[in-house]
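Worksheet: the structure to be examined is printed underneath.
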Amino acid sequence: MTFLVKIFLVLSLAVSLVNAFAPMSRTILNAKKSTSIIPSKKHFAQRSQVGLHLKDENMTEEERAIALEKATKAMTAFSNTYIKNTGTKYCSDLSIPAVVIKGLAEHKVTLGAPLCPCRFYEDKEKEAKDGFWNCPCVPMRERHECHCMLFLTEDNDFVGDKTNISYEEVIEKSGGMMSS
């Protein structure tokens, strides 16, 4: 694979991840003083106004932080088990699976399902209920094709040698998970 193709793939993944976390990052960037990466109650109220019925909209910040920690630990354990069961491996840059796992956990808390965080959805709630893009998504289950680069086969140019990632590594490599 040429260098330019590799650059294109990495940039495509980066754009997908930015799109997946755009609503949350706008909340963080617009905050006057933010010590938390957890979106504010105002953020959830705005999402509720556009017709989403999110699982976490009635949680306090503390309850949400606890739920997010629990979901992140569960998605980390799931990912490690799925790697073993499918014979796949993590990306050589562990920040990629860390951010994806964190995104899956975020969707598990907000939507009740681990919806792929690397895609754009017109209606996330509908997609989560449909299940096609819930991790592991249908393309991964059927063809071992992971758009997120979470589960990589040996023939992928970005495959690493790790088949396990810890909760602590997910937090560290994804930029942390602080509560206010």
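Index from 1, following the sequence. Side chains included, hydrogens not; waters and symmetry mates left out as well; all remaining heavy atoms used.
In terms of heavy atoms, Arg64 sits closest to Met59 at CA-SD, 3.7 Å. When all heavy atoms of Leu104 and Pro114 are compared, the pair lying nearest together is CD2-O, 3.3 Å. Annotation for Glu122 and Phe120: closest pair OE2-CE2, 3.2 Å, computed over non-hydrogen atoms. Nearest heavy-atom pair, Cys91 versus Leu152, reported as atom, atom and distance to 0.1 Å: CA-CD1, 3.6 Å.
Not a single side-chain hydrogen bond (donor to acceptor under 3.5 Å, both in side chains) links Glu172 to another residue, sequence neighbours left out. The ring-ring contact (aromatic ring centres under 6.0 Å, His included) search around Tyr90 returns none, not counting sequence neighbours. Under the salt bridge (charged side-chain N to carboxylate O under 4.0 Å, His left out) criterion, Glu169 pairs with Lys162, not counting sequence neighbours. With sequence neighbours excluded, no residue forms a salt bridge (charged side-chain N to carboxylate O under 4.0 Å, His left out) with Glu63. Considering only residues two or more places apart in sequence or on other chains, Glu154 meets the salt bridge (charged side-chain N to carboxylate O under 4.0 Å, His left out) condition with Lys89. In this view, Lys70 satisfies the salt bridge (charged side-chain N to carboxylate O under 4.0 Å, His left out) rule with no residue, not counting sequence neighbours. Every side chain to side chain contact (heavy atoms under 4.5 Å, CB included) that Thr81 has, sequence neighbours left out, goes to Asn85. Here Tyr82 pairs with Phe78, Phe151 under the ring-ring contact (aromatic ring centres under 6.0 Å, His included) rule; sequence neighbours left out. Judged as a side-chain hydrogen bond (donor to acceptor under 3.5 Å, both in side chains), and not counting sequence neighbours, Thr163 has no contacts. Contacts of Glu142 classified as side-chain hydrogen bond (donor to acceptor under 3.5 Å, both in side chains), with partners at least two apart in sequence or in another chain: none. Remark: Lys84 engages no residue in a side-chain hydrogen bond (donor to acceptor under 3.5 Å, both in side chains) (not counting sequence neighbours).
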Exercise for review: Give the intermediate values and the outcome of salt bridge (charged side-chain N to carboxylate O under 4.0 Å, His left out) for residues Lys102 and Glu106.
Suggested key: CA-CA 6 Å; Lys102 193 170 170 183; Glu106 175 75 27; over 6 Å; no

Check your understanding: Step by step, would you call Thr110 with His107 a side chain to side chain contact (heavy atoms under 4.5 Å, CB included)?
Key -> CA-CA 5 Å; Thr110 58; His107 282 161; 4.1 Å; yes

Practice item. Kindly determine whether Thr153 and Val159 satisfy side chain to side chain contact (heavy atoms under 4.5 Å, CB included), including the steps that lead there. Key: CA-CA 7 Å; Thr153 56; Val159 70; over 6 Å; no

Practice item. Test side chain to side chain contact (heavy atoms under 4.5 Å, CB included) on Cys118 and Val100 and set out the steps. Key: CA-CA 7 Å; Cys118 301; Val100 174; 3.9 Å; yes

Point to revise | Cys116 and Cys148: CA distance, side-chain angles, deciding distance, side chain to side chain contact (heavy atoms under 4.5 Å, CB included) verdict | key: CA-CA 8 Å; Cys116 173; Cys148 295; 3.1 Å; yes

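Within 6.0 Å of CD in Glu62 there are 12 or fewer heavy atoms belonging to other residues, nucleotides or ligands.
Of the inter-residue distances, the one linking Met149 atom CE with Ile96 atom CD1 reads 4.5 Å to the nearest 0.5 angstrom. Residue Ile101 holds its CD1 atom at 5.5 Å from CG of Leu150, rounded to the nearest 0.5 Å.
Using a 4.5 Å heavy-atom cutoff, the side chains of Asn156 and Thr88 are not in contact. Side-chain contact check for Met140 versus Glu145: every heavy-atom pair is 4.5 Å or farther apart. The shortest side-chain heavy-atom distance between Asn164 and Ile83 does not fall under the 4.5 Å cut-off.
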In a table with atom names and distances, give each donor-acceptor pair under 3.5 Å that connects a side chain of residues 129-138 to protein atoms at least two apart or in another chain.
unit_1: Asn134; atom_1: ND2; unit_2: Ala128; atom_2: O; d: 2.8

